[in-house]
Amino acid sequence: MIFLLRIVAIAIFAVFMFVFGCGYCLFSPRNPKHVYTLGRLFSKMTRVLGVKLEVRHAAGVNDSGAKVYVANHQNSYDLFTVSGAIMPKTVTVGKKSLVWMPLFGQFYWLTGNILIDRANRSKAAGTIGQIVSKIKEQKVSVWMFPEGTRSRGRGLLPFKTGAFHAAIGAEVPVVPVVCSSTDKIKLNRWNNGVVIVEIMPPVSTEGLAREDVRELSKTCRNMMKNKLIELDAEVATRTGK
């Protein structure tokens, strides 16, 4: 029964948000402020999922200036969990194919997010250039999932380097974001415990060049891997599991 009620609630919320969101964004299409505003609304759905969401911010994260946020990518629940950590004037980077998804694709494009062609490797350099230009020209931050795909309970997957190329090219810091594991959330369970999303201290890219990309990626991944272990241990202690 709980499962069915949640499915219905999520479906109603999704349709309402995609229709309302598209209408709202038409007043100022592709304005970066929409991602923050609507992301906060999506994060409210964690209550319906039986999740207590906690978002933590490290010192310096709220400082002005563009950044490249890199977050772990677990499953579809990310839409409701990590969305609560989106900072003002931040856009996300997604697959170009998303635009063909009914309602969601149009909603995603109208909110000002960046769509890239991940399948075409020959356009990779141009894609990074597009992201760098967006950061520099519009003074926006960019949110990326360096794993490139959902981990689905497999821990932190290897990182692709696109986000780190973009950060070095735009000369902005990288901000790691880690969400505690959500693969144990069950739609038929009333209480799904605590999920913690932590925005970690910025990692400077000052003085770095293209040849430093892999080392930067490795540094950030190690930080995020250790933080994920730490957050999962805290969640387990607090829930008695």
Side-chain angles (χ1 to χ4, degrees), residues 6-46 48-49 68-86 89-135 137-138 140-154 157-163 165-166 177 179 182-183 187:
R6 281 183 172 146
I7 289 295
V8 171
I10 291 171
I12 293 173
F13 174 81
V15 172
F16 173 79
M17 282 302 300
F18 295 153
V19 174
F20 164 78
C22 286
Y24 169 72
C25 292
L26 284 173
F27 288 101
S28 54
R30 299 192 58 71
N31 189 321
K33 71 176 183 180
H34 299 323
V35 180
Y36 170 77
T37 301
L38 296 171
R40 285 295 188 272
L41 291 176
F42 268 87
S43 71
K44 302 299 183 185
M45 280 298 289
T46 51
V48 175
L49 296 174
V68 170
Y69 294 91
V70 291
N72 57 324
H73 194 16
Q74 300 184 64
N75 47 49
S76 297
Y77 294 127
D78 291 346
L79 186 62
F80 307 116
T81 54
V82 297
S83 61
I86 295 283
K89 209 170 181 183
T90 299
V91 296
T92 69
V93 176
K95 296 181 294 185
K96 196 172 183 178
S97 58
L98 286 175
V99 78
W100 301 110
M101 291 181 65
L103 292 179
F104 180 78
Q106 295 73 49
F107 171 77
Y108 190 82
W109 181 82
L110 278 170
T111 49
N113 294 301
I114 303 172
L115 293 165
I116 61 173
D117 188 355
R118 289 180 180 169
N120 194 332
R121 293 182 179 274
S122 64
K123 294 183 179 179
T127 296
I128 298 301
Q130 178 187 354
I131 296 171
V132 170
S133 296
K134 185 98 171 180
I135 295 171
E137 293 170 10
Q138 298 187 24
V140 296
S141 295
V142 171
W143 183 289
M144 301 180 74
F145 294 106
E147 292 165 283
T149 189
R150 297 177 179 88
S151 59
R152 301 188 187 282
R154 293 173 289 170
L157 301 180
F159 280 5
K160 299 182 185 301
T161 58
H165 274 291
V177 181
C179 177
T182 57
D183 57 299
L187 291 178

His34: ring-ring contact (aromatic ring centres under 6.0 Å, His included) partners, not counting sequence neighbours: Tyr24

With a 4.5 Å heavy-atom cut-off, do Gln138 and Pro32 have their side chains touching? yes

Using a 4.5 Å cut-off on heavy atoms from C-beta on, say whether the side chain of Lys89 contacts that of Ser141. no

Test side chain to side chain donor-acceptor pair (under 3.5 Å) applied to Thr111 - qualifying residues, sequence neighbours left out: Asn113

Side chains of Thr81 and Thr46: does their closest heavy-atom pair fall under 4.5 Å? yes

Is the shortest heavy-atom distance from the side chain of Met45 to the side chain of Ser83 under 4.5 Å? no

Euclidean distance, Ser133 OG relative to Gln130 CD, rounded to 0.5 Å: 8.0 Å

Excluding sequence neighbours, so at least two apart, what forms side chain to side chain donor-acceptor pair (under 3.5 Å) with Tyr36? none

Can you tell me how far the NZ atom of Lys33 sits from the OG1 atom of Thr90, to the nearest 0.5 Å? 15.0 Å

To the closest 0.5 Å, what do you measure between CG (Leu38) and CZ (Phe18)? 10.0 Å

For Phe145, which of Val93, Val82, Asn72, Thr92 qualifies under side chain to side chain contact (heavy atoms under 4.5 Å, CB included)? Val82

Within the structure provided, determine whether Ile86 and Val35 are in side-chain contact (heavy-atom separation under 4.5 Å). yes

Can you tell me how far NZ of Lys44 sits from CE of Met17, rounded to the nearest 0.5 angstrom? 12.0 Å

Would you say that Leu115 contacts Tyr108 through its side chain, given a criterion of any heavy-atom pair below 4.5 Å between the two side chains? yes

Which residues share a ring-ring contact (aromatic ring centres under 6.0 Å, His included) with Phe159, sequence neighbours left out: none

Residue pair Pro146 / Ala71: nearest heavy atoms and the distance that separates them: CD-O, 3.4 Å

Hey, could you give me the CZ/NE2 distance between Arg150 and His73, rounded to the nearest 0.5 Å? 4.5 Å

Who passes side chain to side chain contact (heavy atoms under 4.5 Å, CB included) against Arg30, sequence neighbours left out? Trp109, Lys134

Sequence neighbours excluded, the answer for ring-ring contact (aromatic ring centres under 6.0 Å, His included) partners of Tyr69 is Trp143

Mind listing the closest non-hydrogen atom pair of Ala166 and Ile131 along with its distance? CB-CG2, 3.9 Å

Under the side chain to side chain donor-acceptor pair (under 3.5 Å) test, which residues partner Asn75, sequence neighbours left out? Thr182

List the residues meeting side chain to side chain contact (heavy atoms under 4.5 Å, CB included) with Val19, not counting sequence neighbours, and say none if there are none. Val15, Leu103

Sequence neighbours left out, what passes ring-ring contact (aromatic ring centres under 6.0 Å, His included) with Phe27? Give chain and number order. none

Quick check against the 3.5 Å criterion: does Arg154 have a side-chain atom that pairs as donor or acceptor with the backbone of Ser151? yes

Which residues share a side chain to side chain donor-acceptor pair (under 3.5 Å) with His165, sequence neighbours left out: none

For Ala163 versus Val70, what's the shortest heavy-atom pair and its separation? CB-CG1, 3.7 Å

For the pair Glu147 (side chain) and Leu157 (backbone), establish whether a donor and an acceptor sit closer than 3.5 Å, ignoring hydrogens and angles. yes

A side-chain contact here means heavy atoms from C-beta on lying under 4.5 Å apart; do Phe80 and Val48 qualify? no

